[in-house]
Amino acid sequence: MIGDEGRVTTGAELDALYGAPVPRSRIKEVDHVHPLYRPFIERSPFMVLATAGPGGLDASPRGDAAGFVHIEDERTLLLPDRRGNNRIDSLRNIVEDPRVALLFLIPGVDETLRVNGDAEILAGPDLLARFAVGGQAPRSVLRIRVRSVYFQCARALLRSELWSPGARVARHELPSVGAILTDISRATIDGAEYDARQPALMAATLY
């Protein structure tokens, strides 16, 4: 029984609140990269990698040219880890807990693809060389053993109007990265200088 505050605390209460799953929501889930799911990975230039570990949860954006997540076979994906800020929260989680979840997006397409599996971190030189861009190899590659794959319906992206030109937000309407760093660091970081050199820094360290 859900209390006066409306807090839901059991699976039974959830079932009573939402009812049974729509049958097709179960049918669409498979344990491998189905041939009709392949294009959603091959055409995606952006995905979110979710991990969990003793230190907490992490959802990390990953992006590159479409197809940057390589389908090795129907049960194996390879994800190169490109240059970043070296926090490596996702990788630290994977070392402790291999479970991962991936959400693939394709610009202009309202359905998304979800993949769940287990990941391991590889750093063999031959494998890294396979994923070099402009002579720059990734530091590591995630090999993901696929456990489940299914598409997510379009409702979330339709409600958000994510791909609508009218929904775009001008970058200057939000705080700049430099402004955030200045405020949080209590002015020990010169945010104006950071903002001025950020475009060149991004271009020089993209890979």
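Chaining together hydrophobic side chains whose heavy atoms lie under 4.5 Å apart places Ile180 alongside Ile184.
Taking all atoms of both residues into account, the shortest heavy-atom contact from Tyr150 to Tyr37 is CA-OH, 3.7 Å.
From Leu77, atom CG reaches atom CZ of Arg145 across 10.5 Å, with rounding to the nearest 0.5 Å. For the atom pair CZ of Arg82 and CZ of Arg62, the computed distance is 11.0 Å after rounding to the nearest 0.5 Å. Note: Asn93 CG to Ile88 CD1 = 10.5 Å, rounded to the nearest 0.5 Å. A distance of 10.5 Å separates CZ of Arg168 from CH2 of Trp163, quoted to the nearest 0.5 Å. Atom CZ of Arg143 and atom CD of Glu72 lie 8.5 Å apart (nearest 0.5 Å).
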**OP:** Test salt bridge (charged side-chain N to carboxylate O under 4.0 Å, His left out) on Lys28 and Glu111 and set out the steps.
**Re:** CA-CA 13 Å; Lys28 67 185 180 182; Glu111 290 80 15; over 6 Å; no
**OP:** For Val149 and Ile41, run side-chain contact (heavy atoms from CB on, under 4.5 Å): C-alpha distance rounded to whole Å, both residues' side-chain angles, the deciding distance at 0.1 Å, then the answer.
**Re:** CA-CA 11 Å; Val149 186; Ile41 298 174; 5.7 Å; no
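Although no hydrogens or angles enter the test, the distance criterion places a donor-acceptor pair under 3.5 Å between the side chain of Arg75 and the main chain of Asp31. No side-chain donor-acceptor contact under 3.5 Å links Thr182 to the backbone of Ala179. Checked by atom type and distance alone, the side chain of Asp81 never pairs as donor or acceptor with a backbone atom of Ser140 at under 3.5 Å. Side chain of Thr51 to main chain of Val100: no donor-acceptor pair is present (N/O by atom type, distance under 3.5 Å, no hydrogens or angles). Proximity of a side-chain donor or acceptor of Thr76 to a complementary backbone N or O of Asp73 within less than 3.5 Å is not detected.
Listed by chain and number, the residues in a side chain to side chain contact (heavy atoms under 4.5 Å, CB included) with Ala65 amount to none (sequence neighbours excluded). The side-chain hydrogen bond (donor to acceptor under 3.5 Å, both in side chains) test applied to Arg197 returns no partner, not counting sequence neighbours.
Partner of Leu78 under the side chain to side chain contact (heavy atoms under 4.5 Å, CB included) criterion, chosen from Val69, Ile71, Leu127, Leu142: Leu127.
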